[in-house]
A.B. asks: 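Supplied in structure tokens, the structure appears directly below.
Just so it is clear: chains get the letters A, B, ... in the order the sequence lines come, proteins before strands, and each one is counted from 1.
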Number of protein chains: 2
Amino acid sequence: MCVMDQAAGTEPAASRGPCAAIPAEQMAFIREILDRVGDKWSTLIIALLEDGPLRYSDLQHDVPGISQRMLSHTLRQLHQDGLVTRTAYAEVPPRVEYALTPLSRSLLDIVKQLIGWASDHHDEIRRNRAEAETAVPRR
Amino acid sequence: MCVMDQAAGTEPAASRGPCAAIPAEQMAFIREILDRVGDKWSTLIIALLEDGPLRYSDLQHDVPGISQRMLSHTLRQLHQDGLVTRTAYAEVPPRVEYALTPLSRSLLDIVKQLIGWASDHHDEIRRNRAEAETAVPRR
DNA sequence: CTGTATCCCGTCAGATACTG
DNA sequence: CAGTATCTGACGGGATACAG
């Protein structure tokens with residue numbers, strides 16, 4: 001059983017081996033989603049929005065290393081994909097709030113698992129990496 | 001309750017708001033793991049290895065667009081992080097097999113969920129994005 | 001406050017050629 | 001078969017300045 005096939009419910013096409021013949025299209029949009037989810041800031045922002053709407057400045061403060069450019073850019077992407085809502089209040093000073101959508105809430109569960117996994121295993125991975133480096137003295 | 005805090009079991013530090021005061025270190029290694037998991041090929045390779053070890057050439061064939069360079073690079077990264085094993089057989093012609101480790105198996109569940117999510121929602125996202133583009137005629 | 005515009009550099013990643 | 005080496009263009013992403 002191939003995870004790719006299982007995922008979309010397509011047939012294995014039985015070319016050779018257990019999981020071969022991955023539908024190239026499948027790959028393509030998996031990669032597309034992964035690029036979005038796996039980009040530098042998206043998951044962090046989604047995780048931060050779990051507890052309720054946040055303003056631009058909140059996010060800028062809560063995500064330590066992010067630049068204005070990247071925050072704007074990421075939010076715009078997320079908004080275009082329907083993963084966050086953007087609500088601008090006609091006030092002065094202006095206020096804009098970003099919030100999750102049902103779509104991103106369904107992603108949130110997975111994102112949280114990923115973050116949990118990262119928290120549980122990051123030191124193990126760091127150790128592994130350190131060992132590997134000492135094993136290969138100078139690259 | 002903040003997903004960040006919950007993830008590592010750290011205290012919220014109670015600076016302001018529900019989820020503020022994200023431990024910057026937390027962010028750092030979450031991002032580190034995400035960079036690995038979310039990079040262009042890693043998750044695909046991990047998913048493909050679910051059903052058993054695969055050889056270099058198998059992977060090259062099964063991951064449509066990957067170059068030799070990126071396959072080598074990704075496998076080396078994964079190996080260094082302890083996410084795949086590399087077994088070289090002293091034969092001719094040479095044969096090298098890559099397989100998952102217990103560590104990456106624990107990741108696999110999450111990866112599969114992510115792929116499943118991507119499969120379920122990619123057309124919705126594509127539609128959202130298309131709408132957003134038409135709404136903003138020329139960027 | 002909430003962004004956008006510009007500059008700029010480092011890394012990513014493909015193509016191609018070569019090696020054990 | 002299983003990679004490595006090198007070159008190169010594209011893009012991500014930071015800093016800064018400016019705008020609504």
Side-chain angles (χ1 to χ4, degrees), chain A residues 16-17 20 24 27-28 31-32 34-45 48-49 53-81 84-99 132 136 138-139, chain B residues 16-17 24 27-28 31-32 34-45 48-49 53-80 84-99 132 136 138-139:
Chain A
R16 66 161 226 299
M27 288 282 189
R31 289 243 35 270
E32 206 169 320
L34 252 33
D35 277 352
R36 187 59 24 96
V37 170
D39 83 352
K40 198 168 183 180
W41 306 109
S42 294
T43 55
L44 250 20
I45 290 177
L48 285 171
L49 289 175
L54 289 175
R55 315 175 49 164
Y56 184 89
S57 52
D58 293 332
L59 288 167
Q60 188 163 20
H61 176 268
D62 290 348
V63 183
I66 200 168
S67 63
Q68 287 187 323
R69 175 169 138 69
M70 278 302 106
L71 181 53
S72 296
H73 180 73
T74 306
L75 287 172
R76 190 171 345 118
Q77 297 275 7
L78 290 172
H79 184 227
Q80 283 184 4
D81 291 352
V84 301
T85 60
R86 199 195 107 109
T87 311
Y89 298 89
E91 305 173 349
V92 43
R95 178 166 57 103
V96 180
E97 287 191 338
Y98 294 91
V136 183
R138 270 310 89 201
R139 54 179 54 252
Chain B
R16 66 163 224 298
M27 288 284 188
R31 290 245 31 274
E32 206 167 323
L34 252 34
D35 276 352
R36 187 60 20 98
V37 170
D39 85 352
K40 199 168 181 180
W41 307 109
S42 294
T43 55
L44 250 18
I45 289 176
L48 285 172
L49 289 175
L54 288 176
R55 314 174 50 163
Y56 184 90
S57 51
D58 293 333
L59 288 168
Q60 188 162 19
H61 177 269
D62 290 348
V63 183
I66 199 168
S67 62
Q68 286 187 323
R69 177 171 136 67
M70 278 302 109
L71 181 54
S72 297
H73 180 71
T74 306
L75 287 171
R76 193 176 336 124
Q77 298 275 6
L78 291 172
H79 185 225
Q80 284 183 4
V84 301
T85 58
R86 197 194 109 111
T87 312
Y89 298 89
E91 304 173 348
V92 43
R95 177 166 59 105
V96 180
E97 286 191 339
Y98 295 91
V136 183
R138 273 308 87 202
R139 49 179 57 250

A.B. asks: If I take atom CD1 in residue A:I45 and atom P in nucleotide D:dG13, what distance separates them, rounded to the nearest angstrom?
C.D. replies: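 The distance from CD1 of A:I45 to P of D:dG13 comes to 11 Å, rounded to the nearest Å.
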
A.B. asks: Give the rounded distance in Å between these two atoms: CG of A:L71 and C1' of D:dG13.
C.D. replies: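 Distance, rounded to whole Å: 13 Å.
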
A.B. asks: I need the CD-C1' distance between A:Q77 and D:dC11, as an integer number of Å.
C.D. replies: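 Distance check: A:Q77 CD to D:dC11 C1' gives 13 Å.
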
A.B. asks: B:R86 has a side chain; which of D:dG3, C:dG14, D:dC1 sits nearest to it?
C.D. replies: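 The answer is D:dG3, which lies nearest to the side chain.
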
A.B. asks: Do you know the tightest heavy-atom contact between B:G65 and B:W41?
C.D. replies: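 Looks like C-CH2, 3.9 Å.
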
A.B. asks: Round to the nearest Å and state the distance from A:E91 atom CD to C:dC1 atom C1'.
C.D. replies: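 Value for this atom pair: 11 Å.
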
A.B. asks: Between D:dG3, D:dG20, D:dG13, which one does the side chain of A:M70 approach most closely?
C.D. replies: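 Taking heavy atoms from C-beta onward, the closest nucleotide is D:dG13.
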
A.B. asks: Of all the choices, D:dG14, C:dC1, C:dG14, which nucleotide is nearest to the side chain of A:W41 once you look at every atom?
C.D. replies: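 My answer, after comparing the listed nucleotides, is D:dG14.
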
A.B. asks: Check whether any side-chain nitrogen or oxygen of B:R69 sits under 4.0 Å from OP1 or OP2 of D:dG3, and answer yes or no.
C.D. replies: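 For B:R69, the contact criterion (side-chain N or O under 4.0 Å from OP1 or OP2 of D:dG3) is not met.
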
A.B. asks: How long is the straight-line distance from OG1 of A:T43 back to CZ of A:R36, given to the nearest 0.5 Å?
C.D. replies: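 The OG1 atom of A:T43 is 12.5 Å from CZ of A:R36, to the nearest 0.5 Å.
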
A.B. asks: On DNA chain D, compare the nucleotides closest to B:R31 and B:P93; which residue's is nearer the 5' end?
C.D. replies: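 By nearest-heavy-atom nucleotide position, the 5'-most residue is B:P93.
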
A.B. asks: Would B:Y56 and B:S72 count as having a side-chain donor-acceptor pair, cut-off 3.5 Å?
C.D. replies: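 Yes - a donor-acceptor pair under 3.5 Å links their side chains.
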
A.B. asks: From C-beta outward on A:S67, which listed nucleotide comes closest to its side chain: C:dT2, D:dG14, D:dA2?
C.D. replies: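 When the side chain of A:S67 is considered, D:dG14 is the closest of C:dT2, D:dG14, D:dA2.
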
A.B. asks: Measure the CG-OH distance between B:L78 and B:Y98 for me, rounded to the nearest 0.5 Å.
C.D. replies: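 These two atoms lie 10.0 Å from each other.
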
A.B. asks: Expressed in angstrom and rounded to an integer, what is the separation of B:Q60 atom CD from C:dA15 atom C1'?
C.D. replies: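 Atom CD in B:Q60 sits about 13 Å away from atom C1' in C:dA15.
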
A.B. asks: How many Å lie between CG on A:L59 and P on C:dC1, as a whole number?
C.D. replies: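 From A:L59 CG to C:dC1 P: 14 Å.
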
A.B. asks: Separation of B:R76 atom CZ from D:dG3 atom P, in whole Å?
C.D. replies: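 Rounded to whole Å, this separation is 10 Å.
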
A.B. asks: Taking only side-chain nitrogens and oxygens of B:Y98, does any of them come within less than 4.0 Å of OP1 or OP2 of D:dG3?
C.D. replies: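 Looking at the OP1 and OP2 atoms of D:dG3, one of them is under 4.0 Å from a side-chain N or O of B:Y98.
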
A.B. asks: Under 4.0 Å between a side-chain N/O of B:S72 and OP1 or OP2 of D:dA2, yes or no?
C.D. replies: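 No, no such contact exists.
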
A.B. asks: On DNA chain D, does the nearest nucleotide to A:P94 precede the nearest nucleotide to A:D39 from the 5' side, or the other way round? Give the residue.
C.D. replies: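 So the residue in question is A:D39.
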
A.B. asks: Grab the CG-C1' distance between B:D58 and D:dC1 for me, whole Å please.
C.D. replies: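 From B:D58 CG to D:dC1 C1': 11 Å.
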
A.B. asks: Is it true that B:K40 and A:D35 have a side-chain N and a carboxylate O under 4.0 angstrom from each other?
C.D. replies: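 A:D35 and B:K40: not salt-bridged.
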
A.B. asks: If you check the A:Q68 side chain, which of C:dG3, C:dC1, D:dG3 turns out closest?
C.D. replies: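 Closest of the options to the side chain of A:Q68: C:dG3.
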
